[in-house]
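Below is one structure, written out as structure tokens; comments come after it.
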Amino acid sequence: MAAALWTHRVRRTLSVAGTVTRSSHTALRSQYDALVIGGGEICRLLETRGLKTAVLERRHVLGGAAVSEEIFPGFRFSRCSYLLSLLRPHICADLELKKHGLKVYMRDPHAFTPMLEEGVRGAPPRSLTLGSDLTKNQKEISKFSQKDAKAFPNYLAHLEKLAGAIHLLLDAPPVDIPGVTTGSLRKRLAAAKTLMPIVRCGLKLGKNIPDLYEIITAPIMKILNQWFESEPLKATLATDAVIGAMTSPNNPGSGYVLLHHVMGELEKEIGAWGYVEGGMGAVSQAIASAAQSYGVDIFTEKDVGQVLVGSDCAAKGVVLKDGTEIHISHVTMAPNSVDQIDYTSPVTKINVAVDKLPNFVASPTPDDKPGPHHQCSIHLNCESVEVLETAYKEAINGRPSVRPMMEMTIPSVLDPTLAPPGCHVVSLFTQFTPYYIEGREWTDQDREAYADTAFDLIEKYAPGFKKSVVGRDILVPADLERIFGLTGGNIFHGSMSLDQLYLARPLPFLSDYRSPIKGLYLCGSGCHPGGGVMGSPGWNAALTVMADLKRR
């Protein structure tokens, strides 16, 4: 959930259900100390510090991109965000999200890559399945390379060491450069505390500091080529380096995107991703329930149009798009569209209702029964890195990929609450697709044609898939922007390139969550640490607000 926060007294009247119907410029009357636009994870901290807090959500449903919606009767989809991992454990524990209804299904195995090839002597085509069992992983990889099977454990250990050090930077604001370099000695010493996370990170890395520098600056293929030789393994691993990003595995900086995706954690298992019972909206509902238990008020269908700024350059409130004014003097919000930020997105999300489980040629299952691979992230068109590279080049030239990279997930295999008996919900996270097709907007015909291309390809891996489709919901980058407020359709609220991370996220002069407007604070994935790390930006922003209030 994105967020915006004010502290001071706000006067207004809001009905928890429904839209305010007052005349366009009527000031709302009631009292709040903090106003959060579109987010909930920071509310508990504010409320327990004595700040009466309210949340305004733009849509009729809570959660921003983490929502569950019944698009077709009986089928509930995680319509945008679809897997859980980067919700920080200490925030989950502090909010007691399990107590408030959060239930997660762990996936093991977690990755399945079927091949498009002829089987040998009547055997099915090969496939690569990866999970938590290292011995099984090595056996799977040995289908393609004994050398790679032997190297894989050391590769995992290497990544885990680097990711473990980076964890220390997630839960604290970036270094306060102005504070450390200017002002009185007392203020500099106080600001020096912000150096500690990066110092601890360096100490934990030790002699591996050059390795971290390499992986965050290099193309991921430079790294993977040092470890492996088989194309299916390299392509499968490379998907984590480009997913959600308009970049190639051969572009510098793609290594960090991979590292970012392996440093998640779920149920104390590093790098694990899971399904949420009821869909990703259940995460938002659990956060909302926790916030309400502390006295936070939440209001839906309150679309903020602008921030009110006084002659003293301080935040005075917001104006909703219906003209209603809400007066207050401190706000927290996600960074909006900024010209200097790269919001390019390659993503088209397709949500599919099916009346039959996909049956893959590379791993057939009888009687419509799910196999272990059905719970995985199923990587299609990942036979080689060249396929990913070609798809990327088509998109940067303004054309949707004719053989897109696809990550298929079928959460209803583990969560029966999502679909009618015998039926399933299928999520297709596809790329690469441009925001504009050769300079023009997508038409409905373009959307349908792209989905047809994707389905034709899936049919080759799982014959009968097209016939099983009950309905489909096609969301190109412009749709992700329009519906969920993701500028450019970018799932990270801004590219995860090195020029937009840490001290430069969202911009170099805004990395401490304070905006140039007094009382207006920034959070959400557009702020450090970014990229879907749920909770940390809001948590860090709330700590910044509390520190500012303490100094008054």
Side-chain angles (χ1 to χ4, degrees), residues 1-40 42-43 53-65 67 80 284 296-341 343 478-490 493-494 506-507 510 513-527 538 541:
M1 292 191 274
L5 165 74
W6 261 289
T7 78
H8 205 275
R9 288 284 167 187
V10 59
R11 295 183 177 181
R12 73 186 198 319
T13 301
L14 285 176
S15 169
V16 174
T19 304
V20 176
T21 57
R22 294 179 178 272
S23 58
S24 61
H25 291 292
T26 303
L28 301 176
R29 299 183 179 278
S30 190
Q31 290 194 342
Y32 290 93
D33 301 303
L35 178 62
V36 179
I37 300 175
I42 71 174
C43 298
T53 304
V55 176
L56 305 182
E57 279 280 3
R58 179 175 67 91
R59 298 182 68 210
H60 64 286
V61 58
L62 293 175
V67 293
C80 190
S284 302
V296 174
D297 293 330
I298 300 173
F299 307 98
T300 58
E301 297 181 276
K302 302 294 177 279
D303 195 358
V304 174
Q306 69 180 86
V307 175
L308 296 172
V309 181
S311 58
D312 58 351
C313 293
K316 299 299 181 184
V318 297
V319 181
L320 303 183
K321 287 189 176 178
D322 66 2
T324 303
E325 295 183 4
I326 305 175
H327 293 276
I328 194 173
S329 54
H330 289 76
V331 182
T332 303
M333 65 184 298
N336 295 316
S337 179
V338 178
D339 289 343
Q340 296 179 44
I341 298 176
Y343 294 103
D479 299 321
L480 297 173
E481 178 178 79
R482 173 178 52 85
I483 298 171
F484 304 105
L486 300 172
T487 304
N490 191 286
H493 295 202
L507 293 170
L510 295 176
Y513 310 102
R514 299 176 180 91
S515 80
I517 299 171
K518 183 180 180 181
L520 178 64
Y521 296 83
L522 304 176
C523 67
S525 289
C527 296

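As a basis for the values below, the full set of heavy atoms in this structure was taken, side chains included, without hydrogen atoms, waters or symmetry mates.
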Side chain proximity check, [X] to [Y], heavy atoms < 4.5 angstrom:
X    : Y    : result
L510 : P516 : yes
Y521 : R514 : yes
D297 : V55  : no
F484 : D479 : no
R59  : I483 : yes
C80  : L486 : yes
T300 : V61  : no

Let me confirm one number: the [atom1]-[atom2] distance from [X] to [Y], rounded to the nearest 0.5 Å.
X    : Y    : atom1 : atom2 : value
T487 : Y343 : OG1   : OH    : 5.0 Å
Y513 : C527 : OH    : SG    : 6.5 Å
L507 : S515 : CG    : OG    : 12.0 Å
S284 : E57  : OG    : CD    : 7.5 Å
K316 : I517 : NZ    : CD1   : 11.5 Å
H60  : K302 : NE2   : NZ    : 13.5 Å

My understanding is that only residues two or more places apart in sequence, or in another chain, count here; which of them pass side-chain hydrogen bond (donor to acceptor under 3.5 Å, both in side chains) with R58?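 R58 satisfies side-chain hydrogen bond (donor to acceptor under 3.5 Å, both in side chains) with no other residue.
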With I326 as reference, evaluate V319, L56, L308 under the side chain to side chain contact (heavy atoms under 4.5 Å, CB included) test and give the passing residue.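 Running side chain to side chain contact (heavy atoms under 4.5 Å, CB included) over V319, L56, L308 with I326 returns exactly one hit, L56.
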V67 versus L62, closest heavy-atom pair with distance: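 Taking every non-hydrogen atom into account, CG1-O, 3.1 Å.
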